[in-house]
Amino acid sequence: MNRHPDRDQIRIESVLSALGSPVRLAAVRVLDAGGEHNCTSVLELLGITAKSTMTHHWRVLRESGVIWQHPSGRENLLSLRRDDLDARYPGLLDAVLAGAAEDAALENAPASAPAGTRARSHA
């Protein structure tokens, strides 16, 4: 696959695999704010101190068609390919991001939260 796949080359299995990593999903949640973000600002928001930690994650997101990444001086600028993803898989990104936000809210809910507000086991 080339550095950035064309819209019609984006494949659902690659997108789902890319979004299946908690670190990559958190990065996509940051990028969903819109616009371009430099790598350093995303790393700071994620609490990651080493740029090398994210090199693999950026490549997976880029090659799956989830993000655009291009150099700007000594940094890379990142943006979410929302238009392409929405065109290929309508509603997918919204559903994944809504689910991630709900999971994050449940993880941050106090242990004494009222019944029905915390995650339930379906085992």
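Since the model is a prediction, treat every value here as computed from it, not as a measurement.
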Would you compute the distance between atom [atom1] of [X] and atom [atom2] of [Y] and round it to the nearest 0.5 angstrom?
| X | Y | atom1 | atom2 | answer |
| --- | --- | --- | --- | --- |
| I48 | M54 | CD1 | CE | 5.0 Å |
| H37 | L78 | NE2 | CG | 8.5 Å |
| E75 | T40 | CD | OG1 | 3.0 Å |
| H57 | L46 | NE2 | CG | 10.0 Å |
| N76 | N38 | CG | CG | 9.5 Å |
| S41 | L77 | OG | CG | 9.0 Å |

[X] with [Y], same ILVMFWY side-chain cluster at under 4.5 Å:
| X | Y | result |
| --- | --- | --- |
| V60 | V28 | no |
| L61 | I10 | yes |
| L25 | L85 | yes |

Response to the item:
With sequence neighbours left out, the residues meeting salt bridge (charged side-chain N to carboxylate O under 4.0 Å, His left out) with E44 are none
Worksheet item: Backbone N or O of A18 within a donor-acceptor pair of the S21 side chain at under 3.5 Å?
Response: no
Fill in: Set of side chain to side chain contact (heavy atoms under 4.5 Å, CB included) partners for L92, sequence neighbours left out
I12, V15, L16, Y89, V96
Worksheet item: Listed by chain and number, what are the ring-ring contact (aromatic ring centres under 6.0 Å, His included) partners of W58, not counting sequence neighbours?
Response: none
Item to complete: Provide the full list of salt bridge (Lys or Arg N to Asp or Glu O under 4.0 Å) pairs with a residue in residues 13-31, sequence neighbours left out, each pair given once.
Response: none
Fill in: Residue pairs passing the salt bridge (Lys or Arg N to Asp or Glu O under 4.0 Å) test where at least one lies in residues 85-99, sequence neighbours excluded
R82-D86, R82-D94
Practice prompt. May I ask you to test the Q9-S14 pair for a side-chain heavy-atom distance under 4.5 Å?
Written response: no
Would you tabulate the side-chain donor-acceptor contacts of residues 65-73 under 3.5 Å, counting partners in other chains and residues two or more places apart, or write 'none'?
from: Q69; atom 1: OE1; to: R62; atom 2: NH1; distance (Å): 2.5
from: H70; atom 1: NE2; to: E36; atom 2: OE2; distance (Å): 2.6

